Amino acid sequence: ESHLRYVPFENVSKLYYKKKYELYDIPNFEMYIEGIRKYNFGGKCYSNNYYFNQLLKYLGYDVILCGADMSKPDVHIVSIVKLENQEFIVDVGYAAPFLEPLPRDISSEYQISFGKDKYLLLPKDINGFSELKFYRDDSFKHSYTVKPYSKLISEFESVIKDSFSTTATFMNSILLVLFRKNYSKVIHNFSFIEFSDNNYTKRNLANRKELAEEIEKEFGISAEIVVESLNQVITFNDAWN
């Protein structure tokens, strides 16, 4: 829960590091930690989930890094933790309110509801894969399927590099999300969305200047860095629905 409360899912850092350092990979550990401490950055699934995986290993947990398939293979990663002969999915990089580990050893659907959103984790299939489905307003949006095989972060090199292409989703949109129990705040392109105790509000932002100011106000990332990052975004496409 603490990670989702303080370390946002965001792609401002992705845009910023690409422009400033020509980085086409996840930041190294020192850069990732400096981004959190100095700039209030977080990251997307590869950086947030990978470094959380490494933290769990350091703390002595029995944990592996796994690929998850969406529209393409391995476009998402998660951790699987084994604890007292049970397995749990740990995912702090999906822009989702997974404040607790998700149990894999289930015989029926495991559901998480949060405002207009609903997440269903299905029992393992015959191959031992776990599928998680995401719904908004009871309409199915997308899903991912976890393959419970230990992988190295280097094995995701090509798909990470692809995520920096000019047509990639998070090179053509802005998304920042933070969660805590019964509360979330989201900036998605030119919308600020807040959920608190079953109250849902959405406010439109007029332009890039207002967007940058709102990100600084709500997420603590300086407007100057945001503006520099936004210069790379030509058209704001839908990345979170």
Side-chain angles (χ1 to χ4, degrees), residues 3-4 8-12 14 42-49 66-80 88-104 106 108-125 129-147 156 159-160 162-163 165 167-196 198-205 211 219 233 235-241:
H3 196 285
L4 293 179
F9 178 102
E10 56 78 24
N11 68 315
V12 173
K14 183 183 184 78
K44 291 180 61 271
C45 78
Y46 287 103
S47 52
N48 278 355
N49 274 335
C66 302
D69 298 345
M70 297 181 69
S71 57
K72 297 179 181 179
D74 289 339
V75 292
H76 186 55
I77 61 172
V78 302
S79 292
I80 292 182
F88 299 87
I89 296 170
V90 176
D91 187 352
V92 296
Y94 192 55
F98 300 154
L99 301 174
E100 297 179 356
L102 308 176
R104 286 222 321 136
I106 52 178
S108 58
E109 294 177 346
Y110 180 84
Q111 179 173 319
I112 295 175
S113 296
F114 196 93
K116 296 183 176 185
D117 298 343
K118 181 172 67 176
Y119 303 84
L120 290 180
L121 180 64
L122 307 184
K124 290 183 286 188
D125 66 16
F129 295 178
S130 295
E131 183 180 7
L132 185 133
K133 296 184 175 182
F134 169 51
Y135 297 81
R136 174 158 292 156
D137 291 324
D138 293 322
S139 176
F140 174 75
K141 295 300 181 181
H142 47 74
S143 66
Y144 69 68
T145 300
V146 179
K147 301 168 294 186
F156 301 95
V159 72
I160 292 174
D162 287 345
S163 73
S165 71
T167 59
T169 297
F170 286 108
M171 301 306 296
N172 294 281
S173 59
I174 289 294
L175 178 61
L176 303 94
V177 187
L178 276 173
F179 290 99
R180 63 175 183 260
K181 188 176 181 180
N182 297 323
Y183 175 81
S184 68
K185 58 181 177 182
V186 176
I187 290 179
H188 176 217
N189 294 337
F190 292 100
S191 297
F192 174 71
I193 304 162
E194 192 170 30
F195 170 79
S196 179
N198 294 319
N199 294 316
Y200 176 91
T201 59
K202 182 176 180 179
R203 178 164 48 85
N204 292 327
L205 306 172
L211 171 59
F219 289 86
V233 183
T235 303
F236 287 82
N237 296 330
D238 192 25
W240 185 80
N241 51 59

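From a predicted model like this one, the values you see are computed outputs, not experimental measurements.
Annotation: Asp138, atom CG; neighbour count of heavy atoms from other residues, nucleotides and ligands within 6.0 Å does not exceed 12.
Partners of Phe192 by ring pair (Phe, Tyr, Trp, His ring centres under 6.0 Å), not counting sequence neighbours: none found. For the side-chain hydrogen bond (donor to acceptor under 3.5 Å, both in side chains) test, residues two or more places apart in sequence or in another chain that qualify with Ser113 are Gln111. Every residue meeting the side-chain contact (heavy atoms from CB on, under 4.5 Å) condition with Val233, not counting sequence neighbours, appears here in chain and number order: Leu15, Phe236. Residues that satisfy the side-chain hydrogen bond (donor to acceptor under 3.5 Å, both in side chains) test with Ser184, not counting sequence neighbours, are absent from this structure. In this structure Phe219 satisfies the ring pair (Phe, Tyr, Trp, His ring centres under 6.0 Å) test with no other residue, sequence neighbours excluded.
Between the Glu10 side chain and the Gly42 main chain, a donor and an acceptor come within less than 3.5 Å of each other. Judged purely by atom type and a 3.5 angstrom limit, Asn49 uses its side chain to pair as donor or acceptor with the backbone of Val92.
The two residues Asp162 and Ala168 come nearest to each other via the heavy atoms O-CB, 3.8 Å. Closest approach of Phe114 to Asn182, counting heavy atoms only: CE1-N, 3.9 Å. Closest heavy-atom contact between Met70 and Ser143: CG-O, 3.5 Å. The nearest pair of heavy atoms linking Ile187 to Leu211 is CG2-CD1, 3.5 Å. The shortest heavy-atom contact between Asn48 and His3 is CG-CE1, 4.1 Å. Among all heavy-atom pairs drawn from Phe9 and Cys45, the shortest one is CE1-N, 4.1 Å.
Tyr144 OH to Phe134 CZ: the interatomic distance, rounded to the nearest 0.5 Å, is 12.0 Å. Here the NE2-CD1 distance, from His188 to Ile174, works out to 9.5 Å after rounding to the nearest 0.5 Å. Interatomic distance, CZ of Arg180 versus OG of Ser196, reported as 7.0 Å (0.5 Å rounding). Rounding to the nearest 0.5 Å gives a distance of 7.5 Å between CD of Glu109 and NZ of Lys133. Of the inter-residue distances, the one linking Leu122 atom CG with Ile106 atom CD1 reads 7.5 Å to the nearest 0.5 angstrom. Distance CG/Asn11 to OG1/Thr169: 10.0 Å, rounded to 0.5 Å.
The aromatic rings of Phe140 and Tyr135 stand perpendicular to each other, their planes meeting at an angle above 60°, with 30° marking the opposite boundary. Taking the six-membered ring for Trp and thresholds of 30 and 60 degrees, Tyr94 and His76 have ring planes inclined between 30 and 60 degrees apart.
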message = Between Tyr200 and Ile193, does the side-chain contact (heavy atoms from CB on, under 4.5 Å) criterion hold? Intermediate values first, please.
response = CA-CA 7 Å; Tyr200 176 91; Ile193 304 162; 3.4 Å; yes
request  = Determine, stepwise, if the pair Leu102 / Asp91 fulfils side-chain contact (heavy atoms from CB on, under 4.5 Å).
outcome  = CA-CA 8 Å; Leu102 308 176; Asp91 187 352; 5.5 Å; no
request  = Show your working on side-chain contact (heavy atoms from CB on, under 4.5 Å) between Val146 and Leu132 and close with a plain yes or no.
outcome  = CA-CA 8 Å; Val146 179; Leu132 185 133; over 6 Å; no
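Screening residues 66-76 for salt bridge (Lys or Arg N to Asp or Glu O under 4.0 Å) gives Asp69-Lys147, Asp74-Lys147, Asp74-Lys151 as the qualifying pairs, with residues at least two apart or on separate chains.
No side-chain donor from either of Ser163 and Lys44 sits under 3.5 Å from a side-chain acceptor of the other.
Within the cation-pi definition used here (under 6.0 Å to the ring centroid, within 45° of the axis), Lys14 does not qualify as a partner of Phe170.
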